[in-house]
Protein chains: 2
Amino acid sequence: MSELSTKQSHIMEYIRDFIEEKDYPPSIRDIQFGCGISSTSVVDYNLRRLEEKGLLRRDREVSRGIELLEGRRRRGTVDVPVLGAIAAGQPIPVPTSDRWASDVEDTVTVTEEMVRGHDNVFALRVKGTSMIEDLIDDGDIVFLEPATTADDGEKVAVWLEDRGEVTLKRLYREQDRIRLQPANSTMPPIYVDPENVRIQGRFISSIRPSG
Amino acid sequence: MSELSTKQSHIMEYIRDFIEEKDYPPSIRDIQFGCGISSTSVVDYNLRRLEEKGLLRRDREVSRGIELLEGRRRRGTVDVPVLGAIAAGQPIPVPTSDRWASDVEDTVTVTEEMVRGHDNVFALRVKGTSMIEDLIDDGDIVFLEPATTADDGEKVAVWLEDRGEVTLKRLYREQDRIRLQPANSTMPPIYVDPENVRIQGRFISSIRPSG
DNA sequence: AATACGGACGAACATCCGTTCGCGAGGCGA
DNA sequence: TCGCCTCGCGAACGGATGTTCGTCCGTATT
């Protein structure tokens with residue numbers, strides 16, 4: 001029904017790249033040559049289809065009157081997927097079992113400096129106040145970088161296999177166990193078997209949406 | 001030398017607004033009518049001047065081939081002026097005396113939700129850790145809304161007239177004095193005469209640039 | 001006063017560019 | 001097989017738009 005043909009997604013991609021590079025939309029003939037299409041009418045035809053599908057808006061009779069309606073990201077910002085909630089109080093289960101999958105429930109747009117120098121950053125909503133002394137409050141959004149290892153004392157999101165839960169804590173290795181330390185003096189640390197722990201991500205930064 | 005004539009800044013503003021609204025640049029004739037200019041050549045002339053001054057870039061022979069080179073703000077973000085540093089430890093003086101003036105030393109771009117619902121927001125760099133228990137650390141940037149009053153317990157930036165300093169604290173009114181309370185149990189409150197205190201801004205939110 | 005120059009006018013010109021139209025190749029159900 | 005629809009092709013039409021050119025005016029400069 002609302003599938004895009006190869007040509008249509010090619011056109012979309014071309015428009016995106018064109019705007020990204022030049023800061024103004026392509027003309028129909030720009031698209032024609034850029035996508036190797038033989039006629040302007042074909043471009044027009046597909047543009048109409050794309051407009052019907054709500055992917056863009058066109059101003060008639062106006063040169064380059066194309067406006068993309070999809071996520072218009074601005075230079076200097078990045079969209080980070082919010083994969084769900086994470087416990088900073090009592091550990092709570094996350095919807096996906098093994099590896100939190102690709103079904104993104106939401107997205108937050110932040111300026112680049114919040115995640116600068118890190119790749120594949122994802123975000124989680126914090127529940128609880130167990131990391132309050134590390135300046136992470138209930139309701140904050142934390143940004144994490146995928147990781148499977150961590151140094152002692154680092155703030156990490158860990159998956160506790162037996163509990164089926166994920167939690168945000170500082171991680172310390174002790175003899176034959178791992179200590180997950182809340183940053184809240186009213187809460188005791190959690191001790192777990194190393195085999196039971198899978199590090200999922202390393203803390204980068206957090207934001208607190210204004211209330 | 002590089003001053004803009006009235007007409008030129010009018011044109012710049014028009015282009016900005018046009019792009020903001022339509023997502024593609026105006027044609028020369030759009031600018032002509034939009035700015036009440038009698039001839040397209042006048043627009044062309046001034047666009048060349050603006051191009052020389054580095055405020056925009058033009059693609060010759062291309063309709064709407066105008067690209068603004070100034071801060072291209074993206075939808076959903078706002079630029080907040082950073083007016084300087086503020087003490088969250090020992091109060092430190094701010095450069096301007098009475099009212100921190102309009103010379104902005106820097107700017108931060110943040111997504112709208114950080115300051116949603118507030119006007120004329122400005123930002124200050126935090127020095128010190130006196131507000132650490134309110135999750136505001138050294139190096140954070142705090143966003144404030146201009147205000148001259150505050151309820152008890154609110155976090156405010158206050159100007160201490162006799163000291164010539166400004167500081168970020170929680171404010172409490174007591175009999176005939178005002179208590180400025182740090183959020184750091186190792187630090188004592190500051191007591192000041194009400195006449196000596198001028199509230200400058202009310203805390204909205206803060207960010208912690210990733211390190 | 002003569003000259004130079006920034007800035008503005010208005011009109012003509014040459015493209016640029018969106019739109020339209022006729023035609024044709026497949027795919028699909030009746 | 002006969003429509004009917006989707007998709008594509010190529011060309012031509014005409015409006016949209018950037019560019020250029022001759023002219024004019026006001027303000028220094030000489």
Side-chain angles (χ1 to χ4, degrees), chain A residues 1-70, chain B residues 1-70:
Chain A
M1 186 53 176
S2 98
E3 290 300 315
L4 263 55
S5 72
T6 312
K7 192 163 298 195
Q8 282 163 7
S9 53
H10 190 184
I11 290 177
M12 285 299 290
E13 186 185 354
Y14 182 78
I15 297 176
R16 250 191 301 274
D17 293 348
F18 192 101
I19 294 179
E20 180 68 25
E21 181 188 336
K22 311 241 200 181
D23 251 34
Y24 54 77
S27 68
I28 285 195
R29 281 172 183 78
D30 286 335
I31 299 173
Q32 180 190 351
F33 292 111
C35 296
I37 296 170
S38 57
S39 172
T40 59
S41 61
V42 177
V43 178
D44 181 66
Y45 171 80
N46 284 288
L47 248 28
R48 286 171 190 272
R49 291 292 100 70
L50 289 169
E51 188 175 19
E52 283 172 7
K53 294 176 185 181
L55 293 176
L56 50 83
R57 196 180 59 75
R58 294 179 75 193
D59 277 3
R60 300 307 170 82
E61 316 270 313
V62 170
S63 71
R64 302 172 190 273
I66 298 175
E67 176 183 358
L68 288 184
L69 294 179
E70 55 175 7
Chain B
M1 183 58 172
S2 97
E3 289 301 314
L4 265 55
S5 72
T6 313
K7 194 166 296 191
Q8 283 164 6
S9 52
H10 190 186
I11 289 177
M12 285 299 290
E13 187 185 356
Y14 181 78
I15 296 176
R16 251 191 301 274
D17 293 348
F18 192 101
I19 294 179
E20 181 68 24
E21 181 187 337
K22 312 243 199 178
D23 251 34
Y24 53 78
S27 69
I28 286 198
R29 281 174 182 77
D30 287 335
I31 299 173
Q32 180 189 351
F33 292 112
C35 296
I37 297 171
S38 58
S39 171
T40 59
S41 60
V42 177
V43 178
D44 181 67
Y45 172 81
N46 284 288
L47 285 180
R48 286 171 191 270
R49 293 284 105 46
L50 290 169
E51 189 175 17
E52 283 172 8
K53 295 176 185 183
L55 292 175
L56 50 83
R57 197 181 60 74
R58 294 179 74 192
D59 277 3
R60 299 309 169 82
E61 317 271 311
V62 170
S63 72
R64 301 170 190 275
I66 297 175
E67 176 183 359
L68 289 184
L69 294 179
E70 55 173 9

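In what follows, chains carry the letters A, B, and so on, assigned in the order in which the sequence lines appear, proteins first and then strands, with residues in each chain numbered from 1. For the numbers below, each heavy atom of this structure counts, side chains included, while hydrogens, waters and symmetry mates do not.
- B:I37 places its CD1 atom 13 Å from the P atom of C:dG7, with the value rounded to the nearest Å.
- In summary, the side chains of B:T40 and B:R29 do not present any donor paired with an acceptor at a separation below 3.5 Å, with no hydrogens or angles considered.
- Summarising the geometry, the separation between CG on B:D30 and P on D:dG15 is reported as 18 Å, rounded to the nearest angstrom.
- At C:dT19, one or more side-chain N or O atoms of A:R58 fall inside 4.0 Å of OP1 or OP2 (strictly under the cut-off).
- As rounded to whole Å, 15 Å separates atom C1' of D:dG15 from atom CG of A:D59.
- Residue-level contact check: A:S38 touches the backbone only, with heavy atoms under 4.0 Å from sugar-phosphate atoms and none from bases.
- Between the CG atom of B:L56 and the C1' atom of D:dG18 there is a distance of 15 Å, given to the nearest Å.
- Ion pairing between a basic and an acidic side chain is recognised when a charged N comes within 4.0 Å of a carboxylate O; B:K22 and B:D30 show no such pairing.
- Residue A:R48 places no side-chain N or O under 4.0 Å from the OP1 or OP2 atom of D:dT6.
- Residue A:V42 has its side chain nearest to D:dG8 when only D:dT19, D:dG8, C:dC9 are considered.
- Interface remark: the A:S41 side chain does form a donor-acceptor pair with the D:dG10 base, using a distance-only criterion of under 3.5 Å.
- Rounded to whole angstrom, the span from the CD1 atom of B:I28 across to the C1' atom of D:dT20 amounts to 12 Å.
- In this structure, the OH atom of B:Y45 is 17 Å from the C1' atom of D:dG22, given to the nearest Å.
- For the pair B:R29 and D:dA16, the criterion of a side-chain N or O lying under 4.0 Å from OP1 or OP2 is not met.
- Distances shorter than 4.0 Å separate some side-chain N or O of A:S27 from OP1 or OP2 on C:dC17.
- A:Y14 does not carry A:R16 over the face of its six-membered ring by the limits of under 6.0 Å from the centre and within 45° of the normal.
- Rounded to an integer number of Å, the gap from CD1 of B:I66 to P of C:dC16 is 17 Å.
- Here B:S39 lies in heavy-atom contact (under 4.0 Å) with a base.
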Quick one: do A:E52 and A:R49 satisfy salt bridge (charged side-chain N to carboxylate O under 4.0 Å, His left out)? Show the steps, please.
CA-CA 5 Å; A:E52 283 172 7; A:R49 291 292 100 70; 3.2 Å; yes
Trace of the salt bridge (charged side-chain N to carboxylate O under 4.0 Å, His left out) decision for B:D44 with B:R58:
CA-CA 10 Å; B:D44 181 67; B:R58 294 179 74 192; 3.0 Å; yes
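- OP1 or OP2 of C:dA8 lies within a sub-4.0 Å distance of a side-chain N or O belonging to B:N46.
- Protein atom CG of B:D44 is 17 Å distant from nucleotide atom P of C:dA11, rounded to whole Å.
- For C:dA8, the OP1/OP2 oxygens have a side-chain nitrogen or oxygen of B:K7 closer than 4.0 Å.
- For D:dG18, the OP1/OP2 oxygens have no side-chain nitrogen or oxygen of B:S63 closer than 4.0 Å.
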